[in-house]
Trainee: 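If you scroll down you'll find the structure; I have some questions about it.
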Amino acid sequence: MSADIVRETLKNEADLLGQMIKFVNSVKTEGFTRQAALIHGSWARFLGERKASNDHLSTVGDEELLRDLEQELCQVQQYIDVTRTHPAYTETWEAFVKCERDILEALIRKINDGKSAD
């Protein structure tokens with residue numbers, strides 16, 4: 001049952017991502033530098049890939065869902081291990097990636113708690 005809650009959460013995120021994609025695509029890019037236009041396209045593509053992944057994961061079985069989330073958590077942990085803030089940068093990707101890790105851990109815990117209750 002807890003895996004069903006995780007699937008519903010992924011569907012909700014996919015809906016949110018769909019709205020974000022609409023917004024990103026609605027931005028008028030004339031006047032953007034070439035690099036800014038590339039970033040615009042990259043964000044649209046990233047959000048689309050994330051939405052497609054969530055759409056797919058919301059339909060798979062419990063074991064495949066758990067396995068995919070665990071693999072993603074492993075990848076995120078690798079990003080954390082190599083991502084460090086540097087005084088010359090204004091962005092702190094480490095904080096963002098740690099947030100992703102925390103979300104994945106919560107989803108995995110939810111699935112495993114459901115397995116324990118069965």
Trainee: Does K110 come within less than 4.0 Å of D113, counting only side-chain N to carboxylate O?
Mentor: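 Salt bridge: no.
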
Trainee: Who are the side-chain contact (heavy atoms from CB on, under 4.5 Å) partners of K11, not counting sequence neighbours?
Mentor: E8, S58

Trainee: Between V60 and D68, is there a side-chain heavy-atom distance shorter than 4.5 Å?
Mentor: no

Trainee: State plainly whether one hydrophobic cluster holds both F46 and I39, where clusters connect Ile, Leu, Val, Met, Phe, Trp and Tyr through side-chain heavy atoms under 4.5 angstrom apart.
Mentor: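 F46 and I39: one cluster.
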
Trainee: Could you tell me the separation between the CZ atom of R7 and the OG atom of S2, rounded to the nearest 0.5 Å?
Mentor: 10.5 Å

Trainee: Hey, could you give me the CD/CG distance between Q35 and L38, rounded to the nearest 0.5 Å?
Mentor: 7.5 Å

Trainee: Shared ILVMFWY cluster between L16 and W43, side chains joined below 4.5 angstrom?
Mentor: yes

Trainee: I'd like to check L104 versus Q71 (side-chain heavy atoms, cut-off strictly below 4.5 Å). Are they in contact?
Mentor: no

Trainee: Tell me whether V76 is reachable from L47 by hopping between hydrophobic residues (I, L, V, M, F, W, Y) whose side-chain heavy atoms are closer than 4.5 Å.
Mentor: no

Trainee: Just how far is it from atom CD of E72 to atom CD1 of I108, taken to the nearest 0.5 Å?
Mentor: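 Here the rounded value is 8.5 Å.
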
Trainee: Is the shortest side-chain heavy-atom distance between I111 and L107 below 4.5 Å?
Mentor: no

Trainee: Sequence neighbours left out, what passes salt bridge (charged side-chain N to carboxylate O under 4.0 Å, His left out) with E63? Give chain and number order.
Mentor: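 For E63 the salt bridge (charged side-chain N to carboxylate O under 4.0 Å, His left out) partners, ignoring immediate neighbours, are K115.
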
Trainee: I'd like to check the side-chain hydrogen bond (donor to acceptor under 3.5 Å, both in side chains) partners of Q75; sequence neighbours left out, ordered by chain and number.
Mentor: Y79

Trainee: For the hydrophobic clusters of this structure (ILVMFWY residues joined by side-chain heavy atoms under 4.5 Å, transitively), does one cluster hold both V6 and L17?
Mentor: no

Trainee: With sequence neighbours left out, write down each residue that passes side-chain hydrogen bond (donor to acceptor under 3.5 Å, both in side chains) with Q78, or none if nothing qualifies.
Mentor: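 Counting only residues at least two positions away or on another chain, Q78 forms no side-chain hydrogen bond (donor to acceptor under 3.5 Å, both in side chains).
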
Trainee: Can you tell me how far CZ of R67 sits from CG of D62, rounded to the nearest 0.5 angstrom?
Mentor: 11.0 Å

Trainee: Let me see the working for L73 and L69 under side chain to side chain contact (heavy atoms under 4.5 Å, CB included), right down to the final yes or no.
Mentor: CA-CA 6 Å; L73 177 60; L69 293 174; over 6 Å; no

Trainee: Mind listing the side-chain donor-acceptor pairs of residues 23-33 below 3.5 Å, one per line with the distance, residues two or more places apart or on another chain?
Mentor:
residue: N25; atom: ND2; partner: I21; partner atom: O; Å: 3.3
residue: S26; atom: OG; partner: F23; partner atom: O; Å: 2.7
residue: T33; atom: OG1; partner: A36; partner atom: N; Å: 3.1

Trainee: State whether a side-chain donor-acceptor pair under 3.5 Å links D15 with Q19.
Mentor: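 The criterion, which ignores hydrogens and geometry beyond distance, is not satisfied for Q19 and D15.
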
Trainee: Would you please test E13 and R50 for side chain to side chain contact (heavy atoms under 4.5 Å, CB included) and show each step?
Mentor: CA-CA 9 Å; E13 184 183 11; R50 179 84 180 240; 3.1 Å; yes

Trainee: Test side chain to side chain contact (heavy atoms under 4.5 Å, CB included) on N54 and N12; report intermediate values, then the result.
Mentor: CA-CA 9 Å; N54 282 12; N12 294 157; over 6 Å; no

Trainee: Sequence neighbours excluded, which residues qualify as side-chain contact (heavy atoms from CB on, under 4.5 Å) partners of S53?
Mentor: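 For S53 the side-chain contact (heavy atoms from CB on, under 4.5 Å) partners, ignoring immediate neighbours, are L57.
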
